[in-house]
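Accompanying notes for the structure given below.
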Amino acid sequence: MDTASLWVTARLALCVTPLLLCAALPLAYFIVFSRVKGKKIIEATCNLPLVLPPTVLGFYLLVAMGPNSPLGEGWETFTGSRLIFSFSGLVIGSMVYSLPFAIQPLKTSFAKLDTRLIESAYILGLSPIKTFFRVILPNSLGGVASAGVLIFAHTVGEFGVALMIGGSVPGQTRVASISIFEHVEMLDYAGAASLSIVLLIFSYIVLLIMGSIK
């Protein structure tokens with residue numbers, strides 16, 4: 001079994017999950033509670049990876065993070081290494097790809113909150129930031145947990161974006177889904193089956209966890 005690809009996959013998911021949760025919390029808060037005009041455009045942009053083919057998204061990310069782009073050039077100047085076909089680039093691409101799976105459960109959880117709790121916090125003098133951390137977040141832990149599980153599971157299973165951004169560098173960017181594809185291409189069905197059964201069991205466990213989260 002290609003344990004190196006499983007380790008890269010687990011490391012990727014463990015990096016992406018907390019980083020994306022931190023990025024998605026203020027975005028979901030803005031989408032639910034903000035009254036700014038045009039927020040529907042921001043929400044649609046966040047949800048775009050849901051409907052965009054992964055290879056198309058991967059292509060645009062490849063262009064945006066390439067060595068000739070401002071982001072890729074700045075990254076190379078700062079770190080001395082290229083962003084694409086690196087683990088860091090894979091993390092950024094995975095965060096973009098899994099963004100809707102973080103936003104949706106958080107948005108649903110925030111929208112279910114009793115607005116009287118939030119209004120009471122404001123009346124008692126709490127600032128919006130303190131209200132978020134003392135009222136909104138503690139009453140949305142189910143949504144946060146669901147978002148975390150979905151991000152982790154979606155990152156583990158991604159293929160198109162991972163292949164476009166990370167390629168297949170052994171021990172660095174070759175995740176389990178890419179390794180399965182390569183085993184099949186080489187007609188090594190036993191190798192593909194051993195990795196597939198691991199992902200199958202993992203996916204089933206994720207569904208059980210999601211079913212137990214209230």
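In this chain, residues are counted from 1 in sequence order.
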Which pair of heavy atoms, one from Pro67 and one from Ile84, lies closest together, and at what distance?
CD-CD1, 4.0 Å

Suppose we screen for side chain to side chain donor-acceptor pair (under 3.5 Å). Which residues come up paired with Thr173, at least two apart in sequence or across chains?
none

For the student: nearest non-hydrogen atoms of Ile151 and Ser98, plus distance:
O-OG, 4.3 Å

Is Leu124 atom CG crowded by more than 12 heavy atoms from other residues, nucleotides or ligands, each under 6.0 Å away?
yes

Counting only N and O atoms by type, is there a donor-acceptor contact under 3.5 Å from the side chain of Ser140 to the main-chain atoms of Gly143?
no

Which residue pairs pass the ring-ring contact (aromatic ring centres under 6.0 Å, His included) test when at least one of the two sits in residues 11-65, sequence neighbours left out?
Tyr29-Phe33, Tyr29-Phe132

With a 4.5 Å cut-off on side-chain heavy atoms, are Trp75 and Ser88 touching?
yes

Is there a path of hydrophobic side-chain contacts, each under 4.5 Å between heavy atoms of I/L/V/M/F/W/Y residues, joining Val16 to Val149?
no

Kindly state each residue pair satisfying side chain to side chain donor-acceptor pair (under 3.5 Å) with at least one member in residues 9-23, sequence neighbours excluded.
none

Tell me the closest heavy-atom pair linking Ile103 and Ala24, and the distance in Å.
CD1-O, 3.9 Å

State which residues pass salt bridge (charged side-chain N to carboxylate O under 4.0 Å, His left out) with Arg116; sequence neighbours excluded, sorted by chain then number.
Asp114

Are any side-chain N or O atoms of Ser179 and backbone N or O atoms of Val175, one a donor and one an acceptor, separated by less than 3.5 Å?
no

Could you pull out all residues at least two apart from Glu182 that satisfy side chain to side chain donor-acceptor pair (under 3.5 Å)?
Ser168, Arg174

Would you mind reporting whether Ile92 and Met65 have side-chain heavy atoms less than 4.5 Å apart?
yes

Under the side chain to side chain donor-acceptor pair (under 3.5 Å) test, which residues partner Ser5, sequence neighbours left out?
Asp2

Side chains of Leu48 and Val51: does their closest heavy-atom pair fall under 4.5 Å?
yes

Per the ring-ring contact (aromatic ring centres under 6.0 Å, His included) rule, what does the pair list look like for residues 160-181, sequence neighbours excluded?
Phe159-Phe181

With sequence neighbours left out, which residue pairs that include part of residues 36-58 fulfil the side chain to side chain donor-acceptor pair (under 3.5 Å) condition?
Glu43-Lys107, Asn47-Gln104

Side-chain contact, heavy-atom cut-off 4.5 Å: Leu117 with Ile136?
no

Qualifying ring-ring contact (aromatic ring centres under 6.0 Å, His included) pairs with a residue from residues 88-108, counting only residues at least two apart or across chains:
Tyr97-His154, Phe101-His154

Between Ile197 and Ile201, is any pair of side-chain heavy atoms under 4.5 Å apart?
yes

Are any side-chain N or O atoms of Ser177 and backbone N or O atoms of Glu158, one a donor and one an acceptor, separated by less than 3.5 Å?
yes

Indicate the atoms forming the closest heavy-atom contact of Ala13 with Thr155, along with that distance.
CA-CG2, 3.8 Å

Does Glu73 have any salt bridge (charged side-chain N to carboxylate O under 4.0 Å, His left out) partners at least two apart in sequence or in another chain, and if so, which?
none

Enumerate the side chain to side chain donor-acceptor pair (under 3.5 Å) contacts for residues 187-206, please, sequence neighbours excluded, ordered by first and then second residue.
His183-Asp188

Hey, does Ser109 have a side-chain heavy atom less than 4.5 Å from the side chain of Val144?
no

Please identify each residue that fulfils side chain to side chain donor-acceptor pair (under 3.5 Å) with Asn68, with sequence neighbours left out.
none

